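Quick notes on the structure that follows.
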Amino acid sequence: MQSYFSRPFRLFVLLIGLVCWVHPALAETVKRIGVLDYLGAKHSLTHWAQTADSLSAAFPDVRFELVALDIDGLDAALNAGELDFVLTNPGNYAELEFRHHISRIATAEEDQPVASTLVTADGFESMEDLVGKKLAVMTTEAFGGFQVIWAEMHKQDPTLPRRVELVQTGYPMQNVAEAVLDGKADAAVMRTCTLELLQKQNPARYGALRGFALRHDMPTDCAISSPIYPNWPFAKTPKTDAAFAKQVAVTLLSIQEGNLWTVPLDYQSVHDVLRQLQIGPYARTGPISLSDFIEDYRDWLIILAGALIFWAIYSVRIESLVRKRTRDLKKTNEKLKQEMAERKRAEEADRQHQRELEHVARLSILGEMASSIAHELNQPLAAISNYAQGCLLRIKADRFSSADMELASTEIAQQAQRAAEVVKRIRAFVRKKESKPVTITVPELVADCAAVYAASANRAGVRVILDLAPGLPALRVDPIQIQQVVLNLVQNAIDAMNEEAAERREAILTVREKEEGGRGILLSVRDFGHGMDEEDLGHFAEAFYTTKTEGIGLGLALSRSIVEAHGGSMRAFSPSDGPGLEVAIWLPAGETE
């Protein structure tokens, strides 16, 4: 037979046969179905393989190819125009419908329910147990793996999601279970029935996990923590011919085995979730309307309105209280001013009374010294009289020379000056006048006092010993008042020794510089008389308390008030080296003018 056909003919026949063999493959069309991969590519391709096979069988010249992609992969493939159909969860479908204008032509029937299950290895019972805990999710874009349970948290407590820390593990869904088992999270969100599937595949690994916050009113045997939503849609992309998509839809609805399909269901409940979470087609990209603002922050606005109302009421209340208290304060101020004026008048009266008492006390001291002062005056007066009579006798005897006359005149003048000085000091001591502090040295002050108490001390046979330290600071005081205090102390010392033996009648007036809260001098008068017992010392310088039989108890009280008015202090104590009493006054030093 080979002889009947030439070589070119045989090559032509071979070429014809080859074309006939290749033609069916060249004529076949591929339709790519993008499938959301949430549990691993193998699971996704295996789970939906019957649907692809049924479609391929119904269209001999078309091969339907499943492509397992995650959410980002589906979005990228649609952008590139690489997909003809999409098979994904209802939440992702709503997003892709908005972004890429895909449209569902059928809905899966009797498949794994679209819902969420909260999973943990701890003792959690409710969503509130998640506060302050870590919650593992694949991605915040997962519908059953995050968005559904997040919406349930918002319904239960709008603040609950803010108090839960999210841990995103990425795909596949086994990662969230692993995060819980490895201690990286306290709980996880899984699509309903996924926990049971994992436990069936590997009970040793996933047996420790259990669902919580469960609902028992749903038609499923799996642990479930949320309502059930419409199942996965089968959607066509804009590049797919509508007539062909219609034939595909009819084929899907006619499938009797494997993956079963029904007409597209109502996805309003899915849109409600997305709207509540403000994601997908409901994500806000422009200005927020007033109604949306009120809806979003209704609870805060109610709290703010309540706070403003409370503040308004509080402000009105405070304002009324301020006005009332202002009126009360004004009345109180007027009353206080009146009381201050009355107190000022009373204090002025007290000061006047104090001056009167001081004057009386000085007169009392002067009265006690009167006989001694009279004796002091009698001496210069007697001397003047003697010199005058001597002069007369010499004149009568004609034995009076000019030298005698000059000597007598000088002595008479000195004695007259001595008497005048005594009178001057007494008049200054008893004169009533306003207190006027001046700067005076301590020796000068003591000398003025000595001129007054010397006669009384001499008459009583008391030796007053002065012990003044050198370099004493000057004082800024009223000299007459301080002189009154010193004279009172010296006179008390003289009176305390009127029954003592002559050799024991001695008073020591000591002045030393001493620090007592500041620089100052300590002036003390020590006697060797009968002294005071503990009870009398307890009443020292107390008004109207006296140990004298004829005393009125005002001298020491006035003396202490004078000392304290000058910023000083006064005290008395029994000496440790013998009988008697020592009274000390401390006065602050003053500036020298």
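Quick note: residue numbers are just sequence positions, from 1. Since this is a predicted model, take the numbers as computed values, not measurements.
Using a 4.5 Å cut-off on side-chain heavy atoms (C-beta onward), His154 and Thr159 make no contact. By the 4.5 Å heavy-atom criterion applied to side chains, Glu506 and Val462 are not counted as neighbours. In this structure, His530 and Met497 have side chains that are not in contact, with every pair of non-hydrogen atoms separated by 4.5 Å or more. Using a 4.5 Å heavy-atom cutoff, the side chains of Ile508 and Val525 are not in contact. Side-chain atoms of Glu152 and Arg215, non-hydrogen and from C-beta on, do get closer than 4.5 Å to each other. At least one side-chain heavy atom of Leu118 sits less than 4.5 Å from a side-chain heavy atom of Leu135. With a 4.5 Å cut-off on side-chain heavy atoms, Asp495 and Gln491 count as touching. Taking the side chain as every heavy atom from C-beta outward, Val180 and Val119 never approach each other to under 4.5 Å.
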Return a table of donor-acceptor pairs under 3.5 angstrom between the side chains of residues 304-318 and protein atoms on other chains or two or more places apart.
unit_1, atom_1, unit_2, atom_2, d
Trp311, NE1, Ser315, OG, 3.3
Ser315, OG, Trp311, O, 2.7

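Proximity of a side-chain donor or acceptor of Ser225 to a complementary backbone N or O of Phe212 within less than 3.5 Å is detected. In this structure, the side chain of Asp182 does not engage the main chain of Lys184 through any donor-acceptor pair within 3.5 Å. In this structure, Arg463 contributes its side chain and Ala507 its backbone to no donor-acceptor pair below 3.5 Å. The backbone N or O of Leu581 lies less than 3.5 Å from a partner atom in the side chain of Asp527, making a donor-acceptor pair. Between the side chain of His566 and the backbone N or O of Asp478, at least one donor-acceptor pair lies under 3.5 Å. Between the side chain of Asp448 and the main chain of Leu445, no donor-acceptor pair closer than 3.5 Å is present. Judged purely by atom type and a 3.5 angstrom limit, Gln168 has no side-chain atom pairing as donor or acceptor with the backbone of Thr139.
Other residues, nucleotides and ligands contribute only 12 or fewer heavy atoms inside 6.0 Å of the CZ atom of Arg325. Within a 6.0 Å radius of CD in Glu342, more than 12 heavy atoms belonging to other residues, nucleotides or ligands are found. The local environment of CZ in Arg343 is sparse, with at most 12 non-hydrogen atoms from other residues, nucleotides or ligands closer than 6.0 Å.
Taking the charged nitrogens against the carboxylate oxygens, Glu516 and Lys514 do have a contact shorter than 4.0 Å, which makes a salt bridge. Taking a cutoff of 4.0 Å between a charged side-chain nitrogen and a carboxylate oxygen, Arg210 and Glu125 qualify as a salt bridge. In summary, Asp122 and Lys133 do not engage in a salt bridge, as defined by a charged side-chain N under 4.0 Å from a carboxylate O. Using a 4.0 Å cut-off between charged side-chain N and carboxylate O, Glu334 and Lys331 make no salt bridge. Salt-bridge annotation for Glu319 and Arg323: present, with a side-chain N of the basic residue lying under 4.0 Å from a carboxylate O of the acidic one. Of the charged side-chain nitrogens involved, at least one lies within less than 4.0 Å of a carboxylate oxygen, so that Arg504 and Glu500 count as a salt-bridged pair.
Glu582 and Ser524 are linked by a side-chain donor-acceptor pair at a separation below 3.5 angstrom, with hydrogens and angles left out of the test.
Shown here are the side chain to side chain donor-acceptor pair (under 3.5 Å) partners of Lys324, two or more places apart in sequence or in another chain: Asp328. Taking the salt bridge (Lys or Arg N to Asp or Glu O under 4.0 Å) definition, one finds that Arg327 meets it with nothing, sequence neighbours left out.
Taking the ring centre of Tyr282 as origin, the terminal cationic atom of Arg275 falls inside the region bounded by 6.0 Å and 45° from the ring axis.
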- Message: Let's go through Leu523 and Leu509 carefully: what are the C-alpha distance in whole Å and the side-chain angles of both, what is the deciding distance for side chain to side chain contact (heavy atoms under 4.5 Å, CB included) to 0.1 Å, and is it a yes or a no?
- Response: CA-CA 7 Å; Leu523 185 151; Leu509 194 157; 4.2 Å; yes
- Item | Cys449 and Val490: CA distance, side-chain angles, deciding distance, side chain to side chain contact (heavy atoms under 4.5 Å, CB included) verdict | CA-CA 9 Å; Cys449 294; Val490 173; over 6 Å; no
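In this structure, CG in Asp186 is found 9.0 Å from CD in Glu165, a value given to the nearest 0.5 Å. Expressed to the nearest 0.5 Å, how far OG of Ser226 lies from CE of Met127 amounts to 7.5 Å. To the nearest 0.5 Å, atom CZ of residue Arg163 and atom CG of residue Leu130 are 10.5 Å apart. Note that CE of Met570 is 5.0 Å distant from OG of Ser559, once rounded to the nearest 0.5 Å. Rounded to the nearest 0.5 angstrom, Ile521 CD1 and Leu587 CG are separated by 5.0 Å. Within the model, atoms CH2 of Trp586 and CD of Glu515 stand 8.0 Å from one another, a figure rounded to the nearest 0.5 Å.
Taking each heavy atom of Gly211 and Leu195 in turn, the nearest pair found is N-CD2, 4.0 Å. Of all non-hydrogen atoms in Ile440 and Pro479, the two that sit nearest each other are CD1-CB, 4.2 Å. Heavy-atom minimum distance, Ala460 versus Ile494: CB-CG2, 3.6 Å. Taking every heavy atom of both residues into account, Gly471 and Glu513 meet most closely at O-OE1, 3.9 Å. The two residues Leu468 and Pro443 make their nearest non-hydrogen contact at CD2-CA, 3.9 Å. Pro161 and Trp150 get closest at one heavy-atom pair: CB-CZ2, 3.3 Å.
With Arg526 as the fixed residue, the side chain to side chain donor-acceptor pair (under 3.5 Å) test singles out one of Asp577, Thr510, Asp467: Asp577. Results of the side chain to side chain contact (heavy atoms under 4.5 Å, CB included) test with Ile562 over Ile482, Asn488, Ile585 single out Ile482 as the only residue that passes.
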